[in-house]
Amino acid sequence: MLAGPLSVSSSSRRNLVGLTSYSAETSAYDVTALESPSHVAEEKVGVLLLNLGGPETLNDVQPFLFNLFADPDIIRLPRLFRFLQRPLAKLISVLRAPKSKEGYAAIGGGSPLRKITDDQALAIKMALEAKGISSNVYVGMRYWYPFTEEAVQQIKKDRITRLVVLPLYPQFSISTTGSSIRVLEQIFREDAYLSRLPVSIINSWYQRQGYIKSMADLIEKELQSFSEPKEVMIFFSAHGVPVSYVVDAGDPYRDQMEECIFLIMQELKARGISNEHILAYQSRVGPVQWLKPYTDEVLVELGQRGVRSLLAVPVSFVSEHIETLEEIDMEYKELALESGVKNWARVPALGVTPSFITDLADAVIDALPSATAMCAPASTSEEDVDHDPVRYFIKIFFGSILAFILFLSPKMVMAFRNHVI
Ligand SMILES: C=CC1=C(C)c2cc3[nH]c(cc4nc(cc5[nH]c(cc1n2)c(C)c5CCC(=O)O)C(CCC(=O)O)=C4C)c(C)c3C=C
Ligand SMILES: [Fe+2]
């Protein structure tokens with residue numbers, strides 16, 4: 001089965017957390033609104049949490065991978081080859097599924113992302129409530145249930161009047177927040193109600209004090225688990241992206257990541273903690289260059305250089321997931337120990353850490369006043385090209401030949417089957 005956003009039974013896959021409406025007495029975000037009670041009485045605040053989604057069972061793995069690789073923000077094909085996106089996604093997802101399934105099997109047979117994101121949604125709703133804002137908090141996943149499309153349908157049904165969109169990625173990347181927002185904009189553009197709905201999008205929030213302090217708290221606490229805390233190297237491991245995203249497409253991900261690490265280290269220094277640290281990138285897929293240095297290579301070098309104690313800190317994501325539970329806790333730990341590292345620990349993901357959730361609730365409150373309609377005219381220029389039958393034929397003909405040569409080469413097949421370690 002190829003799972004698509006529309007093949008959803010929303011009754012069994014409901015993603016709404018709570019259903020309460022915004023009340024004038026408890027409003028804190030817009031002081032002027034208090035002066036017009038008739039308007040405020042009707043206000044219904046929605047918060048849409050965007051996340052990646054993950055397969056819940058091993059049978060979900062291949063269709064989940066299909067959805068991921070069918071995303072033009074994950075595999076960025078030149079325009080000439082775009083018609084190959086779905087066949088290519090099918091091919092890569094089938095090739096990669098066995099390796100991915102092994103990973104998901106090792107962490108209990110599925111991704112914990114849905115449960116953790118639902119817990120975060122409930123926690124944010126409660127934190128907002130405590131700050132005087134009643135809200136509905138929705139979860140919209142990019143590649144698995146509950147899909148963003150479902151969340152938006154629910155927002156519409158609930159007649160939400162003001163929406164804050166909060167991607168659960170601290171740093172912006174074209175491949176994560178960018179992709180989810182592109183989908184959201186498409187849905188909103190085509191709908192009369194949604195295109196007029198005041199929306200505020202929080203693109204990134206890695207620089208927020210509450211997040212930085214919460215990360216520093218986790219690191220400070222975990223350092224204490226070592227017998228010689230001062231000797232430990234803090235090893236930030238971020239999910240990678242292909243270099244071309246940053247260099248050619250202007251993805252701010254690497255800059256934001258480096259600034260984020262700087263801010264966390266600055267906070268630690270202010271607490272008297274000045275351990276050595278390093279940033280490396282993990283989880284590369286496919287045959288292209290990814291951001292360097294690569295986590296696996298750095299671990300081997302550090303071990304060989306005589307570093308004996310490492311504290312791994314996953315920094316691009318705020319939930320436990322396959323790449324913390326399997327890749328870091330199993331693969332990288334084993335590699336580090338084999339390379340000479342003696343003492344290894346990992347900082348847990350933030351999850352529902354209260355100081356972090358409170359900060360996300362504050363981010364929502366900060367964003368509420370700037371909500372404006374997303375509405376923008378639909379762009380047609382790219383699609384128009386495909387209406388010319390001659391150009392379309394040329395694309396299909398030459399594209400197929402090139403794709404056949406490129407994508408079925410043994411090197412390509414191997415690159416997608418494994419992480420290129
Ligand atoms: C900030 C976080 C992430 C970035 C950036 C990102 C880019 C990116 N990812 C892939 C390919 C895969 N990602 C997979 C899983 C996965 N990715 C992220 C986060 C980021 N991805 C998370 C949280 C997860 C795990 C979800 C879960 O189920 O727990 C997978 C599937 C797993 C596997 O087979 O390794 C793939 C494949 C690309 C190509 C990319 C940038 C272009
Ligand atoms: Fe990923």
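Order of listing sets the numbers, starting from 1, for every ligand and every atom in it. Since we're looking at a predicted model, the values are computed, not measured.
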Can you list the ligand 1 atoms lying under 4.0 Å from a non-hydrogen atom of [X]?
{"X": "F317", "value": "23 (C)"}
{"X": "S111", "value": "27 (C), 28 (O), 29 (O)"}
{"X": "H321", "value": "22 (C), 23 (C), 24 (C), 25 (C), 29 (O)"}
{"X": "G54", "value": "28 (O)"}
{"X": "P55", "value": "28 (O)"}
{"X": "P242", "value": "41 (C), 42 (C)"}
{"X": "V241", "value": "5 (C)"}

Look at the side chain of [X] and the backbone N and O of [Y], then say whether any donor-acceptor pair between them is shorter than 3.5 Å.
{"X": "Q304", "Y": "E301", "answer": "no"}
{"X": "W290", "Y": "V243", "answer": "no"}
{"X": "D71", "Y": "L68", "answer": "no"}
{"X": "Q171", "Y": "V315", "answer": "yes"}
{"X": "Y245", "Y": "D73", "answer": "yes"}
{"X": "S135", "Y": "V137", "answer": "no"}
{"X": "Q282", "Y": "E323", "answer": "yes"}

Nitrogen or oxygen of [X] less than 3.5 angstrom from that of ligand 1:
{"X": "D73", "answer": "no"}
{"X": "I322", "answer": "yes"}
{"X": "S100", "answer": "yes"}

*In terms of the angle between their ring planes, are F64 and Y104 parallel, tilted or perpendicular, with boundaries placed at 30° and 60°?*
perpendicular

Heavy-atom distances under 4.0 Å are what count here, so tell me which part of [X] touches ligand 1: side chain, backbone, both or neither.
{"X": "W144", "value": "neither"}
{"X": "L65", "value": "side chain"}
{"X": "E323", "value": "side chain"}
{"X": "S316", "value": "both"}
{"X": "L52", "value": "side chain"}

*Taking only residues at least two apart or on different chains, which pairs with a member in residues 242-262 satisfy salt bridge (Lys or Arg N to Asp or Glu O under 4.0 Å)?*
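Of all non-adjacent pairs touching residues 242-262, none passes salt bridge (Lys or Arg N to Asp or Glu O under 4.0 Å).
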
_OG-CG distance between S309 and L302, expressed to the nearest 0.5 angstrom_ =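 Between S309 OG and L302 CG, I get 11.5 Å after rounding to 0.5 Å.
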
I'd like to know whether ligand 1 has [X] as a neighbour, heavy-atom separation below 4.0 Å.
{"X": "G110", "result": "no"}
{"X": "Y245", "result": "yes"}
{"X": "Y281", "result": "no"}

_Option with minimal heavy-atom separation from atom 28 (O) of ligand 1, where the choices are F64, F69, Y104_ = Y104

*With respect to atom 7 (C) of ligand 1, which of R96, H239, R76, R114 exhibits the smallest heavy-atom separation?*
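Comparing heavy atoms across R96, H239, R76, R114, the nearest one to atom 7 (C) of ligand 1 lies in H239.
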
*Within 45° cone of Y294 ring axis and under 6.0 Å: R284 NZ or CZ*: yes

*Please say whether the positively charged group of R76, taken as NZ for Lys or CZ for Arg, lies over the ring of F81, i.e. under 6.0 angstrom from the six-membered ring centre and within 45 degrees of the axis.*
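Pair R76/F81 does not count as cation-pi.
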
*May I ask you to check whether Y211 and Y206 place their ring centres under 6.0 Å from each other?*
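Between Y206 and Y211, the centre distance exceeds or equals 6.0 Å.
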
_So for atom CE, which belongs to M126, do other residues, nucleotides or ligands contribute more than 12 heavy atoms lying within a distance under 6.0 Å?_
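It does not: M126 CE has 12 such atoms or fewer within range.
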
*asked:* Assess the residue pair E320 and R346 against the criterion (salt bridge (charged side-chain N to carboxylate O under 4.0 Å, His left out)); give the C-alpha distance rounded to whole Å, side-chain angles, the decisive distance to 0.1 Å, and a yes or no.
replied: CA-CA 11 Å; E320 296 298 345; R346 192 216 359 131; 2.9 Å; yes

*asked:* Assess, by modelled atom type and distance only, whether the side chains of Q62 and S93 contain a donor and an acceptor separated by less than 3.5 Å.
replied: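 Judged by distance alone, the side chains do pair up.
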
*Protein N/O/S atoms under 2.8 Å of the Fe ion (ligand 2)?*
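Checking every protein N, O and S atom gives H239 NE2.
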
